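Heads up: the structure comes next, in structure tokens.
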Amino acid sequence: MSDNSQLWNEDLAPTNESQRTWRWYHFAALWVGMVMCIPAYTLAASLIEGGMSAGQAVLTVFLANTIVLLPMLLIGHAGTKYGIPYAVLARASFGTSGARLPALMRAIVACGWYGIQTWFGGQMIYTLLGVMMGSEIGGAKIGGLGINGAQLLCFIAFWAIQFWYIVHGMDAIRKLETYTAPLKIIICFVLLGWVYQKAGGFGTLLEQPSQFVEGGKKAGQFWPTFWPSLTAMIGFWATLALNIPDFTRFAKTQRDQVLGQSVGLPVPMGLLAALAVIVTSATVVLYGKAIWDPVDLASRMTGVAVLVALVVLLIDTISVNLAANLVGPAYDFSALAPKHISYRTGGYITAGIALAMMPWKLLETTQGYIFTWLIGYSALLGPIAGVLIVDYYLIRKTELNVGALYVDNGEYSYTNGWNSAALLAFAFGVAPNVPGFLNATFPASFGDVGEGFKLIYTYAWFVGIAIAALVYGILMKGRAAKAVPPPIPEKA
């Protein structure tokens, strides 16, 4: 047998019985921990800015997360059944070499998110220091960066705090999620009580009709706004729908991962959107304007409240960033070169790229954040999900030859390690969304893109997953091999 150290290391190997310690409440806590984050809180803001009423915004967020839960559970099944991470599961469909492509795509997106969340955390430290000193700390912006020296130092400080968890591994992250989830729920109720008492109610924002009603500013434009918004909301967790096996491989049973995720994702996400709308409605009464940014809101509190609020927000951002945006790319980078890159080294690479990406530039406009960043990468990740689901359920009937996933001369090696069917399906899934993406990203250069392509782009995730699934299913029909299972490489 050839040298397979290029496909295997201890971090990528299937989990054993002693490692499968996650029960349903660990998964529920994981999701509550990830859902309760600043970007998720501000999602409702983008929808209301787009013209929706409070109720429409909350329902859109809830519906999107119910939809994305389905691929989450389907793909998560393989992680629990075989104990393998996403980057290894992808080898069954893309090939032992080809799987590096979806792994790298998932990893780069996660690096962007890791940087965005780290920027939010740094901004909290920056705000807290300003409140404690009685005036905003700052100074002139650094040329080329667009932020001042204090903001840069706070960003790096928060980056360093998270680095501790990279060094201490997956179990430290699980404990952080489990212990902080109840705290976040309590804080939500405290925040609701605080704004109700201070504002004497929940304000008038909740009663405002949508701008799509007859006579409104955007009368008759609900559906053209709703679909891209729904796609963007799905895009928010589309990354996790791919690499959820990175977590479910530690589940004790299938019931634990299914029940835990079903309890932990759609309802808490909808409730967080409702909380955001209610609290923001009260800020109109308190401050004369809608304040969607919880960091800005926390900085307006007085006394010990501001300290407590910002410390909770800091813990929250650390827990969501590590779980949602570090674990996946750490495994993905490890899968690119298992012989040289461990899970921990993959985490170091993720943290390094997040620094270099200058995340504050991604967040300069809400439009850029929602319609370029979120929809743009959902167009890439949807097709990968389509290929994985069809391969695992329709082609393999959930039966994988685990040993062959770790050798370069088995049934998943296809042609020199690449499965052309998966690559073609991915290309066909992405292609229809490219013109719309270019138009959204560079409107000045690609302003003449046809309305049909713009319309397709509003459904980017749906279009990508459907086309890729169909093409892959047709190309792979009858091709699932029945090979003798090669052994899984022994642990060193």
Side-chain angles (χ1 to χ4, degrees), residues 63-64 66-75 77-78 86 89-95 98-106 108-109 223-224 226-244 371-397 414-415 418-441 446 449-480:
L63 178 61
T66 303
I67 291 170
V68 85
L69 176 66
L70 183 60
M72 201 87 67
L73 297 177
L74 290 175
I75 296 172
H77 183 279
Y86 156 69
L89 173 63
R91 292 173 184 171
S93 49
F94 282 85
R100 292 184 173 96
L101 175 68
L104 189 60
M105 287 187 175
R106 166 66 182 98
I108 294 301
V109 167
W223 294 112
F226 170 78
W227 286 111
S229 298
L230 184 71
T231 303
M233 298 304 110
I234 288 171
F236 191 77
W237 289 123
T239 50
L240 262 292
L242 282 185
N243 78 284
I244 197 66
F371 290 102
T372 303
W373 176 242
L374 288 180
I375 298 182
Y377 76 64
S378 78
L380 282 178
L381 302 185
I384 297 172
V387 169
L388 291 185
I389 291 169
V390 168
D391 185 78
Y392 184 63
Y393 286 94
L394 300 185
I395 307 300
R396 317 275 171 203
K397 307 288 195 270
Y414 299 100
T415 306
W418 295 81
N419 182 7
S420 57
L423 298 175
L424 282 169
F426 173 74
F428 275 104
V430 170
N433 288 307
V434 172
F437 172 75
L438 293 173
N439 174 257
T441 313
F446 296 92
V449 167
E451 289 303 314
F453 284 116
K454 291 179 187 176
L455 181 64
I456 287 170
Y457 186 61
T458 64
Y459 303 91
W461 186 82
F462 296 97
V463 169
I465 197 170
I467 292 176
L470 182 64
V471 171
Y472 187 75
I474 292 169
L475 293 176
M476 287 293 289
K477 193 174 180 184
R479 280 179 59 186

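Model, not experiment: these values are computed from the prediction.
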Looking only at heavy atoms, what is the nearest atom pair of [X] and [Y], with distance?
{"X": "Ala379", "Y": "Val430", "value": "O-CG2, 3.9 Å"}
{"X": "Tyr457", "Y": "Ala440", "value": "CE2-CB, 3.8 Å"}
{"X": "Lys454", "Y": "Val449", "value": "CE-O, 3.4 Å"}
{"X": "Val463", "Y": "Ile456", "value": "CG2-O, 3.9 Å"}
{"X": "Val387", "Y": "Ala425", "value": "CG2-CB, 3.9 Å"}
{"X": "Gly473", "Y": "Val390", "value": "CA-CG1, 3.9 Å"}

Open item on the list: Pair Tyr392, Ile75 - check side chain to side chain contact (heavy atoms under 4.5 Å, CB included), show working.
Closed with: CA-CA 8 Å; Tyr392 184 63; Ile75 296 172; over 6 Å; no
Task: Check: Pro102 main-chain N/O paired with Tyr86 side-chain donor or acceptor under 3.5 Å - done: yes
- [ ] May I ask you to decide if Gly95's main-chain N or O and Asn419's side chain share a donor-acceptor pair within less than 3.5 Å?
- [x]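 No: the side chain of Asn419 does not pair with the backbone of Gly95.
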Check whether any side-chain heavy atom of [X] lies under 4.5 Å from a side-chain heavy atom of [Y], and answer yes or no.
{"X": "Leu230", "Y": "Trp227", "value": "yes"}
{"X": "Ile467", "Y": "Pro432", "value": "yes"}
{"X": "Leu423", "Y": "Trp418", "value": "yes"}
{"X": "Phe94", "Y": "Asp391", "value": "no"}
{"X": "Val471", "Y": "Phe426", "value": "no"}
{"X": "Leu475", "Y": "Phe428", "value": "no"}
{"X": "Arg106", "Y": "Ile384", "value": "no"}
{"X": "Thr458", "Y": "Pro224", "value": "no"}

Task: Residue pair Leu74, Tyr393: steps toward the side chain to side chain contact (heavy atoms under 4.5 Å, CB included) verdict - done: CA-CA 9 Å; Leu74 290 175; Tyr393 286 94; 3.8 Å; yes
- [ ] Please report the C-alpha distance between Tyr472 and Leu394 in whole Å, then the side-chain angles of each, then the deciding distance to 0.1 Å, and finally whether the side chain to side chain contact (heavy atoms under 4.5 Å, CB included) criterion is met.
- [x] CA-CA 10 Å; Tyr472 187 75; Leu394 300 185; over 6 Å; no
Open item on the list: Is it the case that over 12 heavy atoms from other parts of the model lie below 6.0 angstrom from the CZ atom of Phe462?
Closed with: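 Yes, enclosed.
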